[in-house]
Amino acid sequence: MSQFLHQRPLQNPSFSDPFPISPRTSASFQRPMFLLNRTTLLLLLSLLVILGVILPWFGAPQFLFPNTPSSLAKWRDYTLPQAASFVAKNGTVIVCAVSQPYLPFLNNWLISITRQKHQDKVLVIAEDYATLYTVNQKWPGHAVLVPPAPDSPTAHKFGSQGFFNFTSRRPRHLLHILELGYNVMYNDVDMVWLKDPFPYMKGNHDVYFTDDMTAVKPLDHSHDLPPPGKKGRPYICSCMIYMRPTAGAKLVMKKWIEELRAEPWSRAKKANDQPGFNWALMKTAGQADLYLLPQAAFPTGGLYFKNKTWVKETKGMHAIIHNNYIIGFEKKIKRFHDFGLWLVDDHAEESPLGRL
């Protein structure tokens with residue numbers, strides 16, 4: 001699992017009245033003033049409800065972005081079906097979900113995908129309007145925002161409610177793309193492609209996924225869903241998924257959505273989306289055709305970055321590297337730097353976004 005990922009109350013000003021009134025007349029003034037204040041407060045609360053709840057479903061209005069050129073503002077009305085149709089190649093879409101603070105990781109990931117000549121299939125699901133505009137200004141048509149946009153500043157710390165809100169939208173996006181009839185590959189952007197991953201999507205299975213466990217598997221390991229662990233479920237990563245638009249894949253996504261609804265985030269139980277994905281896989285295993293991708297090609301970060309012997313023994317076999325098993329924006333960047341996988345400093349021109 002990838003680990004990323006207020007308004008101050010208005011104060012009533014004090015006024016000193018230069019024209020004091022008598023005690024007899026003061027009571028008649030105080031009551032209307034109280035009613036006016038209460039009415040004003042109700043109007044303000046109503047406005048906040050409209051801005052915070054209703055408007056996001058219809059896209060951010062232009063007056064909230066007064067400096068946004070009309071050429072960018074048009075992307076507010078860009079829909080997921082339109083975007084998927086625009087980027088799909090050979091019936092396939094590569095999807096990621098990004099908020100503004102993680103644009104450097106997006107760019108790093110895009111450089112690695114461009115080197116494998118699959119960048120034209122990429123669709124960025126923007127989780128805020130700043131990301132929507134930034135990507136589409138530099139790479140028109142490759143970003144879409146599915147309203148309502150979450151509160152992106154709170155959607156970064158692993159274990160937070162914002163992080164849960166951010167990641168729990170994922171199966172709905174993927175299900176929508178499947179229902180449009182496309183194959184879809186989902187990646188978190190703290191990944192780097194070293195080889196083309198599509199040759200590994202062998203056969204005609206419904207859902208392809210990777211193991212998040214660090215224990216070394218034999219090179220000829222089973223491709224079946226691994227058995228449950230100590231928590232009663234497998235430890236499959238929800239950050240790298242490939243699906244075909246089949247009834248089985250759609251069933252898995254629907255079950256994932258159900259599992260997330262059944263176990264929402266709380267302070268006592270700081271949930272994330274990955275357990276729900278694993279329960280969904282377990283509960284649909286008899287109805288969907290599931291395929292575990294080879295560990296040597298799709299290692300978890302806890303294996304690739306920590307087991308030098310295994311990395312040496314499997315050299316040349318790695319397709320996608322996932323920078324997980326570490327928490328923190330700067331720590332992830334440093335580890336990518338240490339392993340020569342932070343590409344944006346010296347190779348930004350290779351990205352469709354250029355230097356951000």
Close aromatic pair by centroid cut-off 6.0 Å: [X] and [Y]:
| X | Y | value |
| --- | --- | --- |
| F305 | Y325 | no |
| W109 | Y102 | no |
| Y200 | Y208 | no |

Answer with yes or no whether the side chains of [Y] and [X] bring together a donor and an acceptor at under 3.5 Å.
| X | Y | value |
| --- | --- | --- |
| H322 | D190 | yes |
| E179 | H176 | no |
| T246 | D206 | yes |
| D212 | Q274 | yes |
| Q82 | T79 | yes |
| Y129 | R76 | no |

* To do: Look at the rings of W75 and Y78 and say which category their plane angle falls in: under 30° parallel, 30 to 60° tilted, over 60° perpendicular.
  => perpendicular
* To do: Could you walk me through whether H337 and D345 pass side-chain hydrogen bond (donor to acceptor under 3.5 Å, both in side chains), step by step?
  => CA-CA 10 Å; H337 263 298; D345 290 346; 3.3 Å; yes
Using 0.5 Å steps for rounding, measure from the [atom1] atom of [X] to the [atom2] atom of [Y].
| X | Y | atom1 | atom2 | answer |
| --- | --- | --- | --- | --- |
| L343 | N108 | CG | CG | 4.5 Å |
| L292 | H221 | CG | NE2 | 5.0 Å |
| L290 | L281 | CG | CG | 5.5 Å |
| F329 | F105 | CZ | CZ | 5.0 Å |

Lys/Arg-Asp/Glu bridge criterion (N-O < 4.0 Å) met for [X], [Y]:
| X | Y | value |
| --- | --- | --- |
| D211 | K217 | yes |
| E258 | R261 | no |
| R170 | D188 | yes |

For residues [X] and [Y], report the shortest heavy-atom separation together with the two atoms involved.
| X | Y | value |
| --- | --- | --- |
| V344 | A348 | O-CB, 3.4 Å |
| M240 | F298 | CE-CE2, 4.2 Å |
| L132 | A126 | N-CB, 3.5 Å |
| A84 | V93 | O-CG2, 4.1 Å |
| G248 | A288 | O-CB, 3.6 Å |
| L106 | C96 | CD1-SG, 3.8 Å |

Heavy-atom donor-acceptor pair, [X] side chain to [Y] backbone, under 3.5 Å:
| X | Y | result |
| --- | --- | --- |
| N323 | M191 | no |
| T314 | W310 | yes |
| R233 | G276 | no |
| K254 | P171 | no |

* Go through the steps for F198 and H118 under the test ring-ring contact (aromatic ring centres under 6.0 Å, His included), then give the verdict. => CA-CA 10 Å; F198 285 100; H118 285 292; 4.8 Å; yes
Is there a side-chain contact between [X] and [Y] in this structure, where contact means two heavy atoms from C-beta onward sitting under 4.5 Å apart?
| X | Y | answer |
| --- | --- | --- |
| Q100 | E127 | no |
| W342 | I333 | yes |
| F209 | L293 | no |
| T92 | M185 | no |
| L178 | V184 | yes |

* Above 12 or not: heavy atoms from other molecules or residues under 6.0 Å from CG of D338? -> yes
* Near K89 NZ, under 6.0 Å, is it more than 12 heavy atoms from other residues, nucleotides or ligands? -> yes
* Only one of Y304, F339, W193 forms a ring-ring contact (aromatic ring centres under 6.0 Å, His included) with H318, so which one is it? -> Y304
* For K250, which residues count as a salt bridge (charged side-chain N to carboxylate O under 4.0 Å, His left out) partner, sequence neighbours excluded? -> none
* Partner of T300 by side chain to side chain donor-acceptor pair (under 3.5 Å), out of T210, T214, N324 -> N324
